[in-house]
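For reference, the structure discussed in these notes is given below.
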Amino acid sequence: MDYLPIFADLKSKPVLVVGGGEIAARKIELLLRTGAQVQIVARELCEVLQSSVDSHEVTWLATAFSETQLDTVFLVIAATDDSALNAHVFAAANRRYRLVNVVDDQPKCSFIFPSIVDRSPLVVAISSSGTAPVLARILREKLEALLPANLGQMAHIAGEWRNKVKQRFSKMSDRRRFWETAFNGLFASQVAAGDVQGAKQTLDRQLEAPQQARGEIVLVGAGPGDSGLLTLRGLQVMQQADVVLYDHLVSNDILDLVRRDADRICVGKRAGAHSVAQEETNRLLVSLAQKGKRVVRLKGGDPFIFGRGGEELQAAQKAGIPFQVVPGVTAASGATAYAGIPLTHRDYAHSVQFITGHCRPDGSPIEWAAMARGHQTLAIYMGTVKAAEISQQLMIHGRSATTPVAVIGRGTRQDQLVLIGTLDQLEELAQQAPSPALLVIGDVVNLHKQLAWFQHSAQQAGRGSAVVNLA
């Protein structure tokens, strides 16, 4: 280990920065966040630092460096474009046993600045010991995406409860179990949802009855297939799940992101072959949560768009189970975007309708006349089985037989298939499409020829995405 990773308390401590340019300003911005008393030595200041001096955030100590300036400071940063001056600062600081950093000159550093993920009071620092700072920055960006912004608030609340927990549990192992339950359970979810008061009440309940863990249900939209479209919040929740109930529409790539030791239960449904009744899924969700488990209900697309997510949460609400929702990219948005078909375009479509082709037999009749109007796009979910009826009714109610249509099978996935034709060919196209498939009807389909970026990218990469044009 080339450097010892330590966190220094700089609150109210004097820090000397030699240099007044933009690089010095970036270091000073970081120092000010720690509460350091920054003193600047520079011939002139950039606009940002001049503003900081004017507002008394920092002190402009002198225009020229003198070794005596080091006598009363905690650490030193040299950030000038004068290599001789930087070397002078480094040597003088070393003689006085002051920690010193010469920016972008790693051999002249007794300490270095790591890449930082700031979730104060929780802070993560990454360093390559000065050998590969770009790699450290890339790792920081990855961690930024994985670590929720609310971690800092969670840590603050935990700090407030620390003494209470110590008084309640004499053994360190019991305290550790308490916090593991809190940070992976309802407390963490409530903080993430902004329910700070509820989160504090949850900690109090856990202190009173630590064995009575309270479960919850998290409804997560997995998107249309491409794991890259899964939301950051969705990924975080999946990594914290005790058990995951998922649909057939959820791709294997997304299932691979579930926490390894979480139980997985398939409750998927396919047209004409329902493997698990909706009532049984509702019962299972409630039963698992009542056992204190964190249950993630993973659904393809968005759970509130033809996903029966509302029905499942009604069951949770009736049973008094806490729940939350993580929206997902719905198939109409994802599949059409990957097919190069804008749902709206001011020259072709002023509106878009999301429609299900799988209605309840006792439901309201479809308003075919409204659906057949021009200058709008129809995005039809689960419509392949009734494609013949859909095309026939639209043509009967005035939509032209030559209206452009697309059937997008396995949208956003590497084996995506886009079939292009006209309304009178819809049934034939639907029969050729792999499941799941989305029907798109409207003049915007014509833009596919110009905007089909995913097919071109996939073909160049040797993947299986393809287009079939019957028009």
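Here the side chains of Thr336 and Thr377 are not in contact, with every heavy-atom distance at 4.5 Å or above. For the pair Leu298 and Leu255, the minimum side-chain heavy-atom distance is below 4.5 Å. In this structure the side chain of Lys200 reaches within 4.5 angstrom of the side chain of Glu160, judged on heavy atoms. Counting heavy atoms from C-beta outward, Leu4 and Phe111 have side chains that stay 4.5 Å or more apart. In this structure the side chain of Leu288 reaches within 4.5 angstrom of the side chain of Leu284, judged on heavy atoms. In this structure, Val237 and Arg233 have side chains that are in contact, with non-hydrogen atoms separated by less than 4.5 Å. The closest side-chain heavy-atom distance from Asn101 to Cys109 is below 4.5 Å. Annotation: side chain of Ile28 is not in contact with side chain of Ser52 (no heavy-atom distance under 4.5 Å).
Between Arg33 and Glu29 there is no salt bridge, since no side-chain nitrogen of the basic residue lies less than 4.0 Å from a carboxylate oxygen of the acidic one. No salt bridge links Glu279 with Arg283; every basic N to acidic carboxylate O contact stays at or beyond 4.0 Å. For Arg297 and Asp247, the salt-bridge test passes: some basic side-chain N is under 4.0 Å from an acidic carboxylate O.
Shortest non-hydrogen contact noted between Ser227 and Leu257 is CB-CD1, 4.3 Å. For the pair Val445 and Val440, the tightest heavy-atom approach, listed with the atom from each and the gap, is CG2-O, 3.8 Å. Residues Thr344 and Ser351 come closest through the heavy atom pair CG2-C, 4.3 Å. When all heavy atoms of Leu147 and Val124 are compared, the pair lying nearest together is CD1-CG2, 4.0 Å. When every heavy atom of Ile217 is checked against every heavy atom of Ala289, the shortest pair comes out as CG1-CB, 3.9 Å. The two residues Leu49 and Ala24 come nearest to each other via the heavy atoms CD1-CB, 4.4 Å.
Heavy atoms from other residues, nucleotides or ligands lying under 6.0 Å from NE2 of His375 number 12 at most. Environment of CZ in Arg162: sparse, with no more than 12 heavy atoms of neighbouring residues, nucleotides or ligands closer than 6.0 Å. Heavy atoms from other residues, nucleotides or ligands lying under 6.0 Å from CD of Glu47 number 12 at most. By the 6.0 Å contact criterion, CD on Glu367 is open, its count of non-hydrogen atoms from other residues, nucleotides or ligands being 12 or less. Atom CG of Asp174 is surrounded by more than 12 heavy atoms from other residues, nucleotides or ligands within 6.0 Å. A 6.0 Å sphere centred on NZ of Lys164 holds more than 12 heavy atoms belonging to other residues, nucleotides or ligands. Sparse packing is recorded around CD of Glu22, with 12 or fewer heavy atoms of other residues, nucleotides or ligands lying under 6.0 Å away.
Ring geometry, Tyr338 versus Phe454: the interplanar angle falls from 30° to 60°, so the pair is classed tilted. Between Phe187 and Phe183, the ring planes lie tilted relative to each other; the angle falls in the 30° to 60° range.
Listed by first then second residue, pairs satisfying side-chain hydrogen bond (donor to acceptor under 3.5 Å, both in side chains) with a partner in residues 235-246 read Gln240-Arg294, not counting sequence neighbours.
Separation of atoms CG (Leu143) and CD1 (Ile138) is listed at 12.5 Å; rounding is to 0.5 Å. Ile321 CD1 to Glu312 CD: the interatomic distance, rounded to the nearest 0.5 Å, is 14.0 Å. Interatomic distance, CG of Asp347 versus CG of Asp443, reported as 10.5 Å (0.5 Å rounding). With values rounded to the nearest 0.5 angstrom, Glu208 atom CD is found 9.0 Å from Arg168 atom CZ. Atom-to-atom distance recorded for Phe354:CZ and Thr330:OG1 is 6.0 Å, nearest 0.5 angstrom. Between the OG atom in Ser400 and the CG atom in Leu394 there is a gap of 11.5 Å [rounded to 0.5 Å].
Not less than 6.0 angstrom separates the ring centroid of Phe304 from the ring centroid of Phe306.
Using a 3.5 Å distance cut-off with no hydrogens or angles, the side chains of Gln324 and Gln190 do not pair a donor with an acceptor. No donor-acceptor contact under 3.5 angstrom links the side chains of Asn163 and Gln167, judged on distance only. Checked by atom type, the side-chain pair Ser120/Asp118 shows a donor-acceptor distance below 3.5 Å. Side-chain atoms of Gln425 and Thr422 include a donor-acceptor pair closer than 3.5 Å. With no hydrogens or angles considered, no side-chain donor-acceptor pair links Ser129 and Thr131 at under 3.5 Å.
A donor-acceptor contact shorter than 3.5 Å is absent between the side chain of Gln416 and the backbone of Ile408. One N or O on the side chain of Gln376 and one on the backbone of Ala370 form a donor-acceptor pair closer than 3.5 Å. Remark: the backbone N or O of Glu144 is paired with a side-chain donor or acceptor of Arg119 at under 3.5 angstrom. Remark: the backbone N or O of Val329 is not paired with any side-chain donor or acceptor of Ser333 at under 3.5 angstrom.
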Practice prompt. Tell me, with the steps shown, if Ile390 and Ile441 meet side chain to side chain contact (heavy atoms under 4.5 Å, CB included).
Written response: CA-CA 10 Å; Ile390 291 169; Ile441 301 172; 4.2 Å; yes
Discussion item. For Trp179 and Trp161: C-alpha separation, side-chain torsions, deciding distance, then whether side chain to side chain contact (heavy atoms under 4.5 Å, CB included) applies.
Written reply: CA-CA 10 Å; Trp179 287 118; Trp161 256 255; 3.9 Å; yes
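Looking at residues two or more places apart in sequence or on another chain, you find a side chain to side chain contact (heavy atoms under 4.5 Å, CB included) between Ala132 and Ser128, Leu135. Looking at residues two or more places apart in sequence or on another chain, you find no ring-ring contact (aromatic ring centres under 6.0 Å, His included) involving His156.
Residue Thr403 forms a side chain to side chain contact (heavy atoms under 4.5 Å, CB included) with just one option from Leu423, Leu426, Asp424, and that option is Leu423.
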